[in-house]
Each structure stands twice: as structure tokens, then as C-alpha cells.
Amino acid sequence: MKKKHFTSTILHADRQGRPEHGVLHKPIHTSVAFGYEDARELAEVFQNKRKGYAYGRQNNPTIDALANKITLMEQGLDSVIFATGMAAIGSTLLALLRSGDHIVSSAFLFGNTNSLFNTLNSLGIEVTFVDATDASNVEAAIKPNTKLVFVETIANPVTQVADLSAIGELCEKRKLIYFVDNTMTSPCLFLPITVKASLIINSLTKYIGGHGNALGGCVTDTGLYDWSSFENIYDNYKNKDSSQWGITQIRKKGLRDFGAALGPEAAHHLSVGSDTLSLRIKHACDNALAIAKFCENHPKVNKVFYPGLSTHPQHERARELFNHFGAIFSIELDASIDCFDFLNSLELVVCSSNLGDNRSLGIPVAHTIYYEMGAERRASMGIPESMVRFSIGIEDQADLIADFKQALAD
Ligand SMILES: *Cc1c(COP(=O)(O)O)cnc(C)c1O
């Protein structure tokens with residue numbers, strides 16, 4: 001089939017595998033095990049010499065179809081699906097790294113990723129946190145044992161945009177794995193392969209699923225990293241072309257051994273949700289831009305953090321890299337208004353910790369998702385105590401503006 005645009009491609013992705021009876025959705029396969037008439041075939045599947053399914057923890061046709069969809073979205077080589085985004089990040093890092101290795105990470109991270117990286121530190125995988133909005137900070141932190149650089153596209157909740165292109169150049173030059181968390185942008189707004197990412201993680205729970213009804217995570221290998229130069233690949237995963245080495249080790253050491261497999265029913269929810277990703281996210285981004293502009297001009301709002309505003313420090317970079325500016329923004333309220341009272345006055349916006357839902361959600365970050373981190377680290381990440389983060393959904397824009405107007409007037 002001739003190459004199509006984003007939505008046409010993913011709407012018809014499941015049909016590529018010629019599914020049974022011509023079904024348009026890949027069926028939900030619930031079988032844990034798969035039977036073989038020829039015992040040699042099963043052995044070949046185990047030995048990685050033949051495509052096939054052996055046991056549900058490693059793969060399943062429903063999961064495979066979802067992985068194929070994400071690979072197409074990211075224009076990558078192959079993907080592995082996990083039970084959650086955190087499982088994808090944790091399992092991948094533990095599959096690829098060893099004690100004594102070093103990671104350079106953006107300091108502006110999703111709270112649980114930050115917590116995970118502190119665990120890695122205690123296990124002997126050292127992590128250095130840097131301000132990744134400037135690639136020279138990443139470069140200065142590289143050591144002889146550095147194996148990998150980790151960044152998010154738009155960070156949460158202050159919305160810093162990493163120096164994505166320059167870090168990609170740097171990783172290529174220094175032969176480092178460039179691991180990009182694309183959750184906040186999704187492959188619809190940004191393709192990390194265009195900035196030379198080696199691996200991409202998407203939390204499918206957020207925009208890709210979009211409906212807040214299933215958890216899921218995915219790691220995609222873009223095919224750009226030369227795994228033959230990576231010393232941590234185990235010999236038994238080297239029986240194929242070296243382009244397969246990384247993803248094979250992630251699938252075996254990461255998914256199989258840690259076991260955070262996604263259930264097929266959740267995969268179906270996520271797959272159906274992903275059909276409308278492009279339509280949903282564009283509408284949500286338009287809404288977010290309009291509300292961010294409204295808040296920017298409101299006397300009870302001290303500061304708005306949103307890459308779509310010309311005052312944002314990385315506004316030009318975001319304009320260059322992304323199709324839209326994302327649907328997440330945060331505000332710092334004036335001292336005359338309490339962040340809890342303000343959230344309680346909002347009628348449409350639900351007070352909730354998720355993001356990427358169709359519904360607009362808001363949360364007081366210092367008291368919730370960044371509470372465990374402590375005041376000092378919050379301050380170092382530029383998170384004020386009165387900050388409220390919004391994940392704007394696809395409600396009608398006039399209703400959202402009216403809601404913010406009445407809540408700020410109280
Ligand atoms: C939510 C999120 C994750 C984790 O995904 P889960 O599916 O909730 O485990 C990772 N990174 C970012 C940027 C996220 O927003």
C-alpha cells in the first residue's frame with residue numbers, strides 16, 4: 001500500500017496482518033499458551049529463529065497488533081508493549097544497563113520516573129540529573145561509563161522543552177543510547193526519530209489511549225542506534241541481524257523476565273482509542289492554547305507555563321519541533337486565591353491526577369504528584385507551591401473558557 005498520512009495509516013493498521021474473517025479490529029486473544037503440531041517449530045520460536053507465539057507474558061497476537069500500530073505511528077523499526085508506561089521505562093533500563101553504568105537524565109521529569117531513577121542509583125546504575133533544555137549541560141555530565149541519555153519532550157508540570165535536536169546530535173557522536181519519553185507530545189505532535197532518538201517510550205495510558213480507561217506502555221526502537229557497538233548485549237541475543245539485538249534484549253530481559261505484560265482487553269481499549277488520536281489531540285491543543293492565553297491576561301494568575309505562549313523560554317524550539325504546543329499547561333496563582341478553592345470552583349475541570357484524558361483535569365502539583373519529592377527538589381525543578389497543572393481535554397472551548405472565568409472571579 002502507498003504510504004499514507006497519520007490517521008489513514010493507523011485506522012487500517014490491523015488489516016495489514018490479514019486478520020481472520022476480515023475483521024477490522026484485531027480480535028482480543030485471551031489464550032495464554034499456543035499449541036504447535038511440530039515440536040521443532042516451537043523450539044525455533046524459543047530460539048528466536050522463527051516468528052510465533054509461545055506464552056502470553058512475552059507476546060500475543062492482540063498485543064502484537066497494538067505494537068505494530070505504535071511502530072507505524074513512530075515510524076520506527078519495532079516496539080514492545082508493557083502493562084504501563086512506568087513498566088516500559090523500568091524494564092527497558094534494567095534490561096539494557098548493568099551496575100557501574102551511568103545515565104544522564106533531564107532533571108525535569110515525571111515524578112515516578114524521578115523516583116525510579118533514584119532506585120537505579122541505589123542499585124549501582126548512577127544517574128546524573130541536568131537541565132536538558134541546553135545540550136551543553138548534558139555534554140558536561142557525560143563520563144566514560146555513560147551509556148544512555150534520557151529526556152522528556154515537554155516536561156511536566158513546568159513545560160520545559162528539552163534541547164531535543166542538539167542532544168540527538170550529541171548522542172550520535174558519542175554513541176550513546178538516546179531514550180526519549182514522547183508521552184506529552186505523542187507521535188502525532190512529534191516524531192523523536194527526526195531528532196535521532198534511539199528508543200522512544202510512550203505511556204499509552206495518556207494521549208494514545210486517550211479515554212482514561214486503560215493503562216499501557218510501549219518502547220519503540222527507531223532503528224537508528226547501532227547495537228553492535230553496545231557492550232551490554234548478551235551473546236544469545238546476537239543470532240540475528242544487529243538491528244534486532246536491542247529490541248530482543250528488551251523483550252526477553254525486560255518484558256519476559258520482569259513480567260509486566262499488558263492484558264489483551266486493555267490492548268483492545270488502547271487500540272480503539274488510538275484511532276482518533278490525531279483528532280483529539282489537535283482539538284485539545286487548540287483548547288489549551290486558548291485557555292493559557294486567557295489565564296496569561298488574568299490578574300489572579302501570576303504566571304502561565306505553556307510552550308505555546310511567546311513568553312515561554314523554549315517557545316521557538318517548540319514551534320520548530322512540534323505540530324502543536326501540547327495540551328498541558330500550568331499556572332502559578334496570585335496569593336489572593338487559594339489553589340484548592342480555585343480547583344473546587346471549577347465545574348467542568350475534574351480534580352484528578354491523570355493526563356491525556358478527553359476530559360479536562362486539574363491538580364495542585366506541590367501537594368500531590370510532587371509531594372514525595374520534598375520542597376527542596378521541587379524548588380530546584382521550578383515548581384511553585386501554588387502551582388496548578390491542567391491537562392486540557394476536548395470539551396467545547398467556550399464552555400472551558402467560561403468555567404475558568406467564573407472560577408477565577410470567585
Ligand atoms: C504518565 C507518564 C508516564 C508513566 O506512564 P503510566 O502508564 O502511568 O505508567 C511516564 N512518563 C510520562 C511523561 C507520563 O506522563
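Only heavy atoms go into these numbers, but all of them, side chains included; no hydrogens, no water, no symmetry mates. The structure presented is a predicted model; accordingly, all values stated were derived computationally and were not measured. Note that ligands are numbered from 1 as they come in the structure, with each ligand's atoms numbered from 1 the same way.
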Exercise for the section: Would you check whether Thr113 has a nitrogen or oxygen atom less than 3.5 angstrom from a nitrogen or oxygen atom of ligand 1? Expected result: no
Handout entry: Ligand-residue contact atoms, ligand 1 with Gly216, heavy atoms, under 4.0 Å
Key = 7 (O)
Handout entry: Heteroatom distance test (Phe110, ligand 1): nitrogen or oxygen, under 3.5 angstrom
Key = no
Practice task
Answer yes or no: does an N/O atom from Gly85 fall short of 3.5 Å to an N/O atom of ligand 1?
Solution key: yes
Practice task
Do me a favour and list the nearest non-hydrogen protein atom to atom 9 (O) of ligand 1 with residue, atom name and distance?
Solution key: Met86 N, 2.8 Å
List the atom pairs, with distances to 0.1 Å, where a side-chain N or O of residues 322-332 and a protein N or O form a donor-acceptor pair under 3.5 Å, not counting sequence neighbours.
from: Asn323; atom 1: ND2; to: Cys188; atom 2: O; distance (Å): 2.8
from: Ser330; atom 1: OG; to: Pro157; atom 2: O; distance (Å): 2.6

Handout entry: Per-atom contacts, ligand 1 versus Thr205 - under 4.0 Å to a heavy atom
Key = 6 (P), 7 (O)
Practice task
Compute the ring centroids of Phe82 and Phe258, then answer whether they are less than 6.0 Å apart.
Solution key: no
Handout entry: More than 12 heavy atoms from other groups under 6.0 Å of CD on Glu20
Key = yes
Problem - Shortest protein heavy-atom distance from atom 5 (O) of ligand 1, along with the residue and atom involved - result: Ser203 OG, 3.0 Å
Exercise for the section: Using only heavy-atom distances, determine whether the side chains of Lys69 and Ser271 contain a donor-acceptor pair under 3.5 Å. Expected result: yes
Exercise for the section: Work out whether the distance between some heavy atom of Asp181 and some atom of ligand 1 is less than 4.0 Å. Expected result: yes
Problem - Note, Arg57 side chain near Leu255 side chain (heavy atom, < 4.5 Å) - result: no
Exercise for the section: Could you tell me whether Glu320 atom CD has more than 12 heavy atoms of other residues or ligands within 6.0 Å of it? Expected result: no
Problem - Centroid-centroid distance, His269 to His211, less than 6.0 Å - result: no
Completion exercise
among protein heavy atoms, the one nearest atom 14 (C) of ligand 1 is Lys206 NZ, 3.0 Å
